Amino acid sequence: MTTLTDPAKGAFRPSMLLYDTRYRSLTLQAIAAIVLALCLMYLYSNLADNLRAAGLNISFGFLADTAGYDINQTLIDYNSQSSNLRAAVVGILNTLLVAFLACVTATIFGVLAGVLRLSPNWLVRKLMAFYVEIFRNIPVLIWIIIIFTIMTAVLPAPSAFRGDDPDSSMLFNLAAFTNRGIYIPGPYFTRGFGLEGNGGLNWILVIAVLIGSLIGTRAVTASANAKQEATGVRPKTLWINLAIWFVPIIVVLFALGLQWDIPALRGFNFGGGIQIGGPLIALWFALSIYTGAFIAENVRAGILSVSKGQTEAAAALGLRPRRVMSLVVLPQALRVIVPPLISQYLNITKNSSLAIAVGYADITATLGGITLNQTGRAIECVLLLMLFYLIISLLISAFMNVYNNSMKLKER
Amino acid sequence: MSDTHAESIPFVRETTLPQAAPPTAERGVYKWGRENLFATPANALLTLVSIYVIYVVLSAILPWVLNGVWNAGSLSECREILAGTRGGCFAVLVDRWEQLFFGFKYPSDQLWRPTLTLVLFFFAVAPVLFFDLPRKLLAFTAVFPFLAYWLIWGGPILVPIVALVGVGAGYVVYSRLVAQSFAGGFFGGIAAAAVVWFLGGYLVDATTGPSSLLDAVPSRDLGGYMLNFMLGVTCVSLSVPIGIALALGRQSSMPLIKWLSVIFIEFIRGVPLITLLFVASVMLAYFFPPNSTVDLFLRVVIMITMFSSAYIAEVIRGGLAALPKGQYEAADSLGLDYAQSMRLIILPQALKISIPGIVNIAVGLFKDTTLVSVISMFDLVGMIRGPILASTDWNGVYWELLGFAALLFFVVCYGISQYSQWLERRLATDHR
Amino acid sequence: MTEAVKTPAQMAVSDEVAISIQNMNKWFGSFHVLRDIDLTVNRGERIVICGPSGSGKSTLIRCINALEEHQKGSIEVDGTLLSSDLKNIDKIRSEVGMCFQHFNLFPHLTILENCTLAPIWVRKTPKKEAVETAMHFLEKVKIPDQADKYPGQLSGGQQQRVAIARSLCMRPRIMLFDEPTSALDPEMIKEVLDTMIELAEEGMTMLCVTHEMGFARQVANRVIFMDQGQIVEQNEPEEFFNNPQSPRTQLFLSQILGH
Ligand SMILES: Nc1ncnc2c1ncn2[C@@H]1O[C@H](COP(=O)(O)OP(=O)(O)OP(=O)(O)O)[C@@H](O)[C@H]1O
Ligand SMILES: [Mg+2]
């Protein structure tokens with residue numbers, strides 16, 4: 001739209017600032033910059049005045065002070081004598097925990113419901129449409145509260161499990177559903193390294209073995225592909241893959257002496273095993289079903305976007321249905337499904353901040369809730385909180401860009 | 001993750017194909033049932049499971065609803081009437097409907113005001129939502145905000161009148177000048193409005209007296225579902241113009257403008273609404289001039305508007321991107337300047353394709369207004385969790401109240417999303 | 001040549017220069033699209049530009065009304081230098097009409113509104129007058145009865161004629177056409193070409209990118225052949241078609257006339 005010729009010979013006139021394409025955009029930007037700077041200065045001077053009037057300053061020193069409150073669900077060591085910073089880290093880990101759990105289950109719910117919405121079974125289709133509409137059209141906060149209420153008001157108190165003829169009993173004598181949370185058996189090791197702690201080194205060993213198995217199966221698949229390219233015949237890989245997955249891990253777990261700690265009623269409450277608190281479950285489950293409804297729609301759209309012609313064309317080439325699926329339909333459907341799926345993960349992470357409504361100690365509830373209220377450091381806390389979420393969002397969208405770009409490359 | 005797909009999609013493949021079978025409607029119920037419900041053993045199993053699920057849900061809900069008690073003064077009274085049988089205690093809805101809809105402080109004898117506002121609201125949005133209605137009805141839409149303000153907040157009628165006259169004057173000046181230059185019209189309009197407001201301010205101050213027809217109601221007395229509604233409507237309407245500006249800014253060829261828009265949009269979209277509400281409740285006040293009192297409602301409106309304008313900007317950007325380049329070029333080649341081609345050519349088309357997206361954002365935002373209960377505002381959820389469940393009479397009536405709240409949101413959100421789908425179908429067939 | 005046949009060269013051409021392009025160069029990034037273009041068009045002249053795809057024809061005429069910026073050399077339209085001065089750009093755009101391959105009508109406006117929009121907002125013509133002008137030109141392109149329809153309700157040929165009328169409503173002194181018929185079905189091509197011929201007969205200065213060689217023979221004073229961003233050859237139509245000089249032109253003509 002703009003035009004540039006050889007340098008204008010005429011002298012510079014002030015009117016050129018506005019009516020010459022070479023200067024116009026600079027002029028407008030300069031004006032914008034000045035207006036912006038004035039606004040910021042105004043806001044800053046208000047801030048300074050208000051802080052002075054209230055006798056406050058901006059400082060992050062409070063992070064090192066003692067937090068002075070307890071958190072009942074923590075992934076790392078924490079007690080009320082720990083610092084505010086550590087409380088924030090506990091919160092961050094809790095946010096990541098619930099976000100991760102909810103992403104996994106929401107994907108499962110969403111894929112199931114999305115696929116079932118395309119079922120030939122009329123009843124199932126209607127039921128799934130009902131699920132999607134109900135959950136999408138009611139605020140997630142209400143779902144969180146409803147499920148939390150189920151947890152606290154419907155499930156029995158631990159005391160109901162007591163006595164010779166209790167009102168409630170444990171599921172297969174392994175798990176207990178109480179209004180204090182759910183208790184499930186927890187694994188622990190009797191041999192191995194670092195037993196004084198919680199067996200951290202052992203867990204690392206287990207994870208390492210799993211990663212090794214993953215690499216092993218990849219290698220098997222790669223060599224099968226190579227063989228297929230060379231000879232045209234694809235060797236059977238199922239049994240060897242199963243063996244690579246299961247044999248090493250079973251051996252290792254056995255060697256480390258894996259045992260299960262079954263929860264049992266001790267005094268007024270259950271002890272042993274793993275306790276999953278009511279707030280965590282409410283948040284986890286509500287986020288999963290709510291977001292699952294959205295993911296179901298994405299999945300359905302993705303599958304529908306792969307035209308039937310594609311399936312038929314592949315089948316006409318003589319590919320077997322399984323291969324049609326993995327070579328033709330799936331890659332195309334995934335291309336449509338994955339980007340909105342990733343933004344749903346982002347939504348889950350952001351919505352997990354509703355933890356504060358049910359008292360789950362995520363970053364919003366610790367840093368943005370109790371720490372903020374106790375220290376009165378509103379500006380600092382809110383800024384840090386936003387910074388945390390921003391970083392997560394940027395990471396997720398960076399990942400999304402990488403994915404989209406790799407897809408774009410393949411399109412050419 | 002890809003494992004789940006690998007397992008589940010082949011399942012679809014096997015079962016979607018029969019769906020293309022010829023229509024079976026005329027072949028009788030029995031046949032229809034066989035083909036749609038019991039085609040294969042797996043299918044039959046699914047049907048049985050579905051029927052069981054439906055049975056469980058209905059057998060839990062139906063007796064509870066049908067056997068519900070609608071007339072009682074407290075939960076214990078309900079229990080007496082039920083005498084051990086299962087049933088809901090819907091009496092709480094009857095007893096507390098004012099609080100659920102209007103909050104617990106809005107004067108009871110003034111409830112006709114918000115009710116009337118709601119009725120008028122439907123007249124005001126109708127011409128916006130349905131293009132077929134006469135365009136003249138938009139005049140009422142333009143007056144509605146001022147009327148609604150006065151009805152809900154009451155106080156001296158001069159305030160909304162001065163505001164309306166200011167906007168009217170601004171509009172007149174704008175439409176006079178815009179043919180010459182958009183910038184002239186825009187800033188001229190703002191200047192005219194500002195002058196009227198400034199002068200009107202003296203007028204309002206001079207006439208403070210008992211002469212107000214409607215009693216003033218402070219913002220903190222607003223609550224219940226009305227608060228959700230007001231926040232949703234106000235913030236979405238305010239954020240459309242801001243969203244347009246941001247979308248155009250993001251498309252701008254000027255780096256400064258472009259990056260400012262990008263940073264604003266991505267920042268807002270990167271943080272949860274809760275944190276923005278925290279800003280409204282504990283932080284924003286620091287940025288206003290000392291001694292100014294901006295009430296919480298207004299601060300929340302500011303933050304939610306910023307929030308939704310970022311999302312709306314992205315929707316509109318999609319609309320702008322969907323327009324063929326030829327439209328921009330044709331406008332350029334006719335000699336239209338930037339403001340003219342945007343206003344007359346590009347935006348009318350881009351906004352039209354964006355409406356379904358904007359409506360979806362509006363639904364999401366309306367649901368999100370429940371978050372204000374976290375910063376102790378008493379919206380519908382806040383009312384339920386706060387005053388009502390905490391009262392001695394109704395402590396423990398969870399399901400009736402939460403179910404009612406869910407129902408209210410479902411009706412509105414489902415209705416709007418049906419509208420949006422209808423609109424999408426219509427736009428797809430529209431020749432314009 | 002006999003007296004009875006009116007050859008293109010005999011249609012009024014004045015000595016007045018309408019467009020003068022000197023030593024113009026344009027790059028897209030590092031890609032040199034237009035190289036050393038020199039072209040002078042007199043008032044009333046009708047020029048047809050042809051050449052293989054990607055040779056820079058569209059880019060050339062888009063440079064003339066500043067839809068693309070050029071980086072070197074000068075373009076002067078009606079004595080106004082196309083510089084970075086916005087006022088000059090506006091002046092040139094309001095004097096130069098342009099028709100696109102894909103019509104680019106505004107789908108949300110009626111035919112009449114399409115035609116009156118620019119006169120009202122750019123020329124500041126009173127609305128009544130603008131409507132009269134629009135109806136005049138719509139009659140000229142023979143579709144006055146469609147004035148209240150929307151572009152989507154018209155056929156391609158009708159749309160292109162509306163696009164021509166829309167440009168004419170600005171009373172341009174020069175018209176640019178970028179392959180106006182190449183998106184049309186054969187039976188619609190004729191109605192558009194007839195409109196253009198009529199325009200030419202009234203003495204409009206025209207620059208037309210087209211591969212309609214019949215049209216070129218009938219109306220053009222000059223045919224320009226472009227290849228790889230350069231003007232390879234220009235000549236009167238008879239000479240150009242019967243006696244092409246450059247081998248590239250010969251190849252092109254054999255391909256385009258061959259089938
Ligand atoms: N905006 C652009 N950016 C980069 N390259 C471009 C751009 N527009 C055109 N080109 C390139 O410039 C060259 C000339 O394009 P132009 O459209 O002028 O060709 P043309 O002669 O009109 O061809 P056709 O007959 O296909 O319309 C082409 O190689 C094209 O790829
Ligand atoms: Mg071209």
Side-chain angles (χ1 to χ4, degrees), chain A residues 1 25 28-29 32-33 36 43 46-47 49-51 53 107-108 111-112 115 118-124 127 133-134 136-142 145-146 149 153 303 308 311 321-322 324-326 329-330 333-334 350-351 353-354 356-357 364 368 372 378-379 382 385-386 389-390 393-394, chain B residues 1-2 4-6 8-16 18-20 36-37 39 43 46-47 50-51 53-54 253-257 260 267 269-272 274-275 278-279 282-283 285-290 332 363 367-368 370-371 373-374 381 385 396 398 402 405-406 409-410 413-414 417:
Chain A
M1 222 204 80
S25 96
L28 295 181
Q29 289 182 71
L36 181 73
L43 292 179
N46 283 342
L47 177 67
D49 289 352
N50 283 319
L51 286 180
T107 311
I108 296 173
V111 170
L112 264 180
V115 165
L118 295 168
S119 152
N121 189 316
W122 178 85
L123 197 60
V124 172
L127 210 57
E133 292 301 350
I134 285 282
R136 281 200 314 176
N137 287 310
I138 295 175
V140 63
L141 181 60
I142 293 188
I145 295 171
I146 286 180
T149 311
I303 296 177
K308 219 164 166 187
T311 330
R322 255 190 64 101
V324 172
M325 192 44 63
S326 65
V329 176
L330 210 53
L334 278 185
K350 288 193 285 177
N351 280 339
S353 58
L354 292 178
I356 196 171
T364 309
L372 187 152
I379 298 178
V382 173
L385 196 58
M386 290 207 218
Y389 284 108
L390 261 187
S393 307
L394 288 180
Chain B
M1 199 205 74
S2 55
T4 40
H5 283 283
S8 47
I9 292 184
F11 167 72
V12 161
R13 165 65 173 78
E14 283 158 19
T15 48
T16 28
Q19 221 180 316
N36 288 285
L37 300 177
N43 224 313
L46 270 181
T47 305
S50 309
I51 291 177
V53 169
I54 295 173
S253 56
M254 296 183 238
L256 179 71
I257 309 281
L260 281 179
F267 173 78
R269 279 162 33 105
V271 300
I274 283 262
T275 58
F278 280 169
V279 171
V282 297
M283 203 173 134
Y286 286 111
F287 292 98
F288 289 114
D332 275 352
V363 171
K367 287 187 293 176
D368 281 347
T370 52
L371 267 56
S373 62
V374 174
V381 174
R385 295 194 89 189
Y398 306 107
L402 290 175
F409 275 98
F410 180 81
C413 296
Y414 184 73
S417 63

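Residue numbers begin at 1 in each chain, while the letters A, B, ... track the order of the sequences. These figures come from a predicted structure and were not determined experimentally.
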Do B/Leu256 and A/Leu36 come close enough that some side-chain heavy atom pair is under 4.5 Å? no
Heavy-atom side-chain proximity of A/Val124 to B/Thr47 below 4.5 angstrom: no
Closest-packed option against chain B by number of heavy-atom pairs under 4.5 Å, given [options]:
| options | result |
| --- | --- |
| A/Ile356, A/Val140, A/Asn351 | A/Ile356 |
| A/Leu394, A/Leu354, A/Leu51 | A/Leu354 |
| A/Ile134, A/Leu127, A/Ile145 | A/Ile145 |
| A/Leu141, A/Leu43, A/Asn50 | A/Asn50 |

Can you check whether A/Ala357's main-chain N or O pairs, donor with acceptor, with B/Arg385's side chain at less than 3.5 Å?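 Side chain of B/Arg385 to backbone of A/Ala357: a pair is present.
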Donor-acceptor under 3.5 Å (A/Lys350 side chain, B/Ile274 main chain): no
Minimum heavy-atom distance [X]-[Y], with the two atoms named:
| X | Y | answer |
| --- | --- | --- |
| B/Phe287 | A/Leu47 | CE2-CD2, 3.9 Å |
| B/Pro272 | A/Ser353 | CB-OG, 3.4 Å |
| B/Phe410 | A/Glu133 | CE1-O, 3.4 Å |

Could you measure the distance from the CG atom of B/Asn43 to the CG atom of A/Asn121? Nearest 0.5 Å is fine. 4.5 Å
Looking at OG of B/Ser50 and CG of A/Leu123, how far apart are the two atoms once the value is rounded to the nearest 0.5 Å?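 Here the rounded value is 4.5 Å.
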Report the option among B/Pro255, B/Pro289, B/Ser253 that has the most heavy-atom pairs separated by less than 4.5 Å from atoms of chain A. B/Pro289
Which one wins on heavy-atom pair count under 4.5 Å against chain A: B/Tyr286, B/Phe288, B/Phe409?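 That would be B/Tyr286.
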With a 4.5 angstrom heavy-atom cut-off, is it the side chain or the backbone of B/Leu371 that approaches chain A, or both, or neither?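 B/Leu371 touches chain A through backbone and side-chain heavy atoms alike.
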For B/Ile51, is it the side chain, the backbone, both, or neither that has a heavy atom closer than 4.5 Å to a heavy atom of chain A?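 For B/Ile51, the contact with chain A is made by backbone and side chain together.
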Side chain, backbone, both or neither of A/Ile146 within contact of chain B (heavy atoms, under 4.5 Å):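 Answer is both: backbone and side chain atoms of A/Ile146 are under 4.5 Å from chain B.
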From CA spacing to verdict: side chain to side chain contact (heavy atoms under 4.5 Å, CB included), A/Leu28, B/Ile257: CA-CA 9 Å; A/Leu28 295 181; B/Ile257 309 281; over 6 Å; no
With sequence neighbours excluded, what pairs up with A/Val382 under the side-chain contact (heavy atoms from CB on, under 4.5 Å) test? A/Leu372, A/Met386, B/Phe278, B/Val279, B/Val282, B/Met283
By side-chain hydrogen bond (donor to acceptor under 3.5 Å, both in side chains), which residues pair with B/Tyr398, not counting sequence neighbours? none
